[in-house]
Number of protein chains: 2
Amino acid sequence: MPKTTFYNLSATRRARIEEAAIDEFCKNGLRSAVLNNIVANSGIAKGSFYQYFENLEDLYAHVLTLVQKRKTDLVASLETPNSIMDTFGYLRWLIQISVVFMLREPRLAKIEQRDFVDHPVINSIDPETGERISGDGRFHALLTQGVLHDDLATWVDTDMAAYVLNLIANLIAPYMVDRIGDKASSLADGSVDIAYDPLVQALFDNLMDIIEAGIARDPQIRKDFYSK
Amino acid sequence: MPKTTFYNLSATRRARIEEAAIDEFCKNGLRSAVLNNIVANSGIAKGSFYQYFENLEDLYAHVLTLVQKRKTDLVASLETPNSIMDTFGYLRWLIQISVVFMLREPRLAKIEQRDFVDHPVINSIDPETGERISGDGRFHALLTQGVLHDDLATWVDTDMAAYVLNLIANLIAPYMVDRIGDKASSLADGSVDIAYDPLVQALFDNLMDIIEAGIARDPQIRKDFYSK
DNA sequence: GTAGAATATGACCGATTAGTCATAAAAGGA
DNA sequence: TCCTTTTATGACTAATCGGTCATATTCTAC
């Protein structure tokens with residue numbers, strides 16, 4: 001946990017330090033991060049660093065909270081999903097958020113991914129039901145709602161499904177980017193997000209069809225199939 | 001690439017070095033591995049190390065090939081899947097292999113996972129068809145066969161599906177182990193593989209049902225559902 | 001303006017690192 | 001046996017590391 005002096009800093013100085021830390025940690029993780037690089041790149045004295053943090057590990061923990069914060073900010077910046085959005089529309093939105101995050105904040109996403117592999121199984125226990133909750137709880141909550149709304153097949157193990165969906169959300173983005181390669185349209189100016197590229201959306205459609213076919217109670221794609 | 005002197009070594013000496021290298025690399029990856037630990041733990045002189053390898057990176061590359069080799073050995077050691085096994089039986093077998101590998105060789109699996117996150121998108125091009133092949137090709141080949149045998153839904157993007165299945169195979173094991181926790185049966189002596197624990201198999205059944213429902217042309221679970 | 005508290009600084013230190021090299025030991029061929 | 005080639009060794013070096021601390025600067029309250 002950063003010391004209070006860190007929070008007393010001006011926003012710009014704090015941002016410079018955080019920026020340098022992100023740069024360093026995204027390269028090869030905590031263990032091989034070099035403090036000298038961080039202080040050099042942020043333009044502060046090494047002694048100052050120790051006024052703000054106990055050590056590198058302390059800074060790393062702070063960066064991990066930053067990752068979550070920036071992701072939350074991203075969610076807030078995009079329009080809230082329509083309340084009448086159904087389970088699978090919302091699921092698509094959740095996964096797409098992760099992809100957009102990786103495209104907009106590749107360094108933070110890298111840090112998050114590494115952390116994910118080092119601690120792939122994060123879970124908590126629901127205090128009311130005593131039920132296991134995998135991941136950060138977003139997918140678990142969604143699937144639980146999906147069950148209540150009769151949108152999900154009853155035989156699906158929701159906690160495992162939540163884990164797998166979290167897995168996909170975390171690591172599908174680099175595939176999509178690589179898959180469409182330089183065929184991405186209208187990205188030269190960088191103003192249009194690659195996540196909204198038609199080719200990526202087509203891949204997304206396919207992915208969501210597979211997921212829906214996999215866990216929905218009454219998947220549209222199967223109805224289409226059976227009706228043919 | 002190791003120098004020829006390394007291959008001239010006795011098998012036991014070579015094994016000692018590889019063992020120490022695996023121990024070191026599985027902890028925190030290449031960048032933070034410490035050569036002194038490896039030479040100390042393998043009981044060789046530091047000077048000797050440089051007779052065998054150019055540097056740490058060279059050794060790391062060798063360990064990565066070791067990972068693949070041991071995985072291949074594991075596949076060979078388990079009975080070959082029945083030739084009449086169908087697409088999804090074979091798919092289950094493929095995923096299960098990855099889980100067994102992680103349970104039997106956790107250090108190698110850890111190294112592989114880290115490598116996977118650092119280079120999540122590995123792909124090659126089929127020389128005949130010019131088609132893209134994601135991952136190590138096993139899942140891609142299986143799905144391609146599945147399409148030919150009419151076992152897969154035609155609308156499924158096979159390369160993306162191969163990527164996702166590879167993802168699941170690589171990272172589902174820690175979930176399953178944590179999920180069943182200490183409820184694992186008859187494992188005290190370590191003679192029975194946790195992968196064959198009934199609880200794990202039940203989870204596997206569920207996972208495979210989801211996957212089959214997701215990508216099969218005519219999923220059994222859906223037929224069951226519709227027949228009810 | 002001034003005193004005292006809070007913050008900033010970078011030279012410095014001891015520890016640790018990858019890599020070198022002179023020398024010793026072992027192996028091999030005659 | 002003796003000479004040559006190959007292999008083994010660990011003390012050593014130069015560079016780099018995290019962390020400290022005496023000192024300088026800035027801020028705050030009156």
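Sequence lines set the chain letters: A, B, ... in the order given, protein chains first and strands last, and positions in each chain run from 1.
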Any side-chain N or O of Arg13(A) below 4.0 angstrom from OP1/OP2 of dT7(C)?
no
Out of Asn166(B), Leu171(B), Asn170(B), Ile172(B), which residue meets the side chain to side chain contact (heavy atoms under 4.5 Å, CB included) rule with Ile168(B)?
Ile172(B)
Lys46(B) NZ to dT13(D) P: how many Å, rounded?
14 Å
Measure the distance from CZ on Phe49(B) to P on dT7(D) and round it to the nearest whole Å.
16 Å
Would Arg31(B) and Asp118(B) pass as an ion pair if we require N to O under 4.0 Å?
no
As a test of reading the structure: which of dC17(D), dT9(C), dT17(C) is closest to the side chain of Ala45(A), going by heavy atoms?
dT9(C)
Value in whole Å for how far the C1' atom of dG18(D) lies from CZ of Arg31(A):
14 Å
Asn36(B) has an atom CG; how far is it from atom C1' of dA15(C), in whole Å?
12 Å
Listed nucleotide nearest any side-chain atom of Leu56(B), set dA18(C), dT9(C), dC17(D)
dA18(C)
Provide, to the nearest angstrom, the distance between the CZ atom belonging to Phe53(A) and the P atom belonging to dT20(D).
16 Å
Could you tell me whether Ala33(A) contacts a base, only the sugar-phosphate backbone, or nothing, with contacts defined as non-hydrogen atoms closer than 4.0 Å?
sugar-phosphate
Side-chain N or O of Ser48(B) less than 4.0 angstrom from OP1 or OP2 on dT9(D)?
yes
Salt bridge (charged side-chain N to carboxylate O under 4.0 Å, His left out), paired with Glu105(A), selected from Lys71(A), Lys110(A), Arg70(A):
Arg70(A)
How about Tyr50(A) and Asn55(A): does a side-chain donor come under 3.5 Å of a side-chain acceptor?
no
Just to verify, which of His62(B), Arg14(B), Arg13(B) counts as forming a side-chain hydrogen bond (donor to acceptor under 3.5 Å, both in side chains) with Tyr52(B)?
Arg13(B)
Side chain of Tyr52(B) - closest among dT20(D), dT7(C), dA8(D):
dA8(D)
How many Å lie between CG on Asn8(A) and C1' on dA5(C), as a whole number?
13 Å
Using atom CG of Leu9(B) as one end and atom P of dA27(C) as the other, report the distance to the nearest whole Å.
12 Å
Residue pair Leu35(A)/Gly47(A) against DNA chain D: nearer the 5' end by closest nucleotide is Leu35(A)
Can you measure Tyr7(B) atom OH to dT7(D) atom C1' for me and round it to whole angstrom units?
18 Å
